[in-house]
Amino acid sequence: MLTIVGSIFAAQAQDAKKLLNEVSQKVRSYDNISIDFKYALVNEVEDVNQETRGDVALLGNKYRLNIMGTTQLYDGKKLHVIIPEDEEINISSQDENSENSITPSKMLTFYEKGFRYKWDITQDVKGRKIQYVKLIPIDAQKNEMKEILLGVDRQTKHIYKLIQTQQNGTRITITVQNFKTNQPLSETLFTFDASKYANYYINRID
């Protein structure tokens with residue numbers, strides 16, 4: 001009996017890995033990706049419940065993210081966080097290899113290493129079949145993430161939803177509202193132009 005159950009779990013893990021491989025192949029086939037999304041953060045212990053909307057443009061490892069009144073611009077080397085409310089810009093390096101964070105440039109491919117896979121539930125969302133895969137960090141002690149549920153549209157092989165549960169009980173949910181590919185993007189979209197922020201305080205962290 002245990003052998004049968006183990007075989008079923010192994011087969012489901014292989015199905016999950018196969019589906020995520022198909023997602024990776026689809027993502028890498030696009031020149032660029034533009035996403036409108038809903039972002040929610042909940043921590044019941046700390047009584048935190050935030051919800052907002054945002055958008056992001058992705059080109060290779062470069063990205064431009066607009067969320068919570070700020071713009072995060074990553075040109076492939078430096079991350080520029082532009083905060084109009086404070087007229088402040090923070091410029092820092094970003095470790096693309098860190099497994100403790102899901103940056104916009106890794107949002108669609110972060111699952112490729114460092115996780116075990118489990119086949120989870122299937123949901124019907126307005127006629128779309130969304131298949132969830134549970135991701136569990138292999139090295140849980142060094143990872144602030146407890147687990148991630150990744151919802152994939154079975155037909156398009158696009159990620160529809162990401163639900164990240166952290167060790168401290170915080171749950172972050174990102175739901176894709178609009179997914180566009182190969183859009184005509186400005187050549188300067190991912191370039192930081194200091195002349196546009198003459199009155200801003202620029203803080204170079206490293």
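Side chains are part of it too, since the values below use all heavy atoms of this structure and drop only hydrogens, waters and symmetry mates.
Between Leu20 atom CG and Leu108 atom CG the span is 12.0 Å, to the nearest 0.5 Å. Summarising the geometry, atom OG1 belonging to Thr156 is positioned 11.5 Å from atom CD belonging to Glu22; distances are rounded to the nearest 0.5 Å. The line from CE of Met68 to OG1 of Thr52 is 5.5 Å long, rounded to the nearest 0.5 Å. Taken to the nearest 0.5 Å, the NE2 atom of His80 stands 14.0 Å off from the OG1 atom of Thr70. In this structure, Leu162 CG and Leu150 CG are separated by 5.5 Å, a value rounded to the nearest 0.5 Å. With rounding to the nearest 0.5 Å, the separation of CG in Leu135 from CZ in Phe115 is 6.0 Å.
A salt bridge does not link Asp153 to Lys129: none of the charged side-chain nitrogens sits closer than 4.0 Å to a carboxylate oxygen.
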query: What do the steps show when you test Lys26 against His158 for side chain to side chain contact (heavy atoms under 4.5 Å, CB included), and what is the final call?
result: CA-CA 8 Å; Lys26 199 70 177 289; His158 291 165; 4.2 Å; yes
Steps toward side chain to side chain contact (heavy atoms under 4.5 Å, CB included) verdict (Arg28, Thr109): CA-CA 9 Å; Arg28 287 185 165 81; Thr109 56; 3.7 Å; yes
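Residues Ile148 and Thr165 form no side-chain contact, since every pair of their non-hydrogen atoms from C-beta on lies 4.5 Å or further apart. Annotation: side chain of Ser34 is not in contact with side chain of Phe179 (no heavy-atom distance under 4.5 Å). You'll find the side chain of Asp15 stays beyond 4.5 Å of the side chain of Tyr117, heavy atoms only. Taking the side chain as every heavy atom from C-beta outward, Thr170 and Leu41 approach each other to under 4.5 Å. A heavy-atom distance below 4.5 Å is not found between the side chains of Gln72 and Ile82.
Under the 3.5 Å distance criterion, with hydrogens and angles disregarded, a donor-acceptor pair is assigned to the side chains of Gln123 and Tyr132. In the model, Gln131 has a side-chain atom that pairs as donor or acceptor with a side-chain atom of Thr122 under 3.5 Å. There is a side-chain donor-acceptor pair under 3.5 Å between Tyr111 and Ser24. In this structure, a donor-acceptor pair under 3.5 Å is present between the side chains of Arg53 and Gln177.
Here the two rings, on Phe192 and Tyr197, have centers that are under 6.0 Å apart.
Asn178 CG: more than 12 foreign heavy atoms inside a 6.0 Å radius. Environment of NZ in Lys157: crowded, with over 12 heavy atoms of neighbouring residues, nucleotides or ligands closer than 6.0 Å.
Judged purely by atom type and a 3.5 angstrom limit, Arg154 has no side-chain atom pairing as donor or acceptor with the backbone of Ile130. Proximity of a side-chain donor or acceptor of Lys78 to a complementary backbone N or O of Asp75 within less than 3.5 Å is not detected. No donor-acceptor pair under 3.5 Å is formed between the side chain of Asn90 and the backbone N or O of Val81. Side chain of Tyr74 to main chain of Gly76: a donor-acceptor pair is present (N/O by atom type, distance under 3.5 Å, no hydrogens or angles). Under a 3.5 Å cut-off, the side chain of Gln183 and the backbone N or O of Thr181 do form a donor-acceptor pair.
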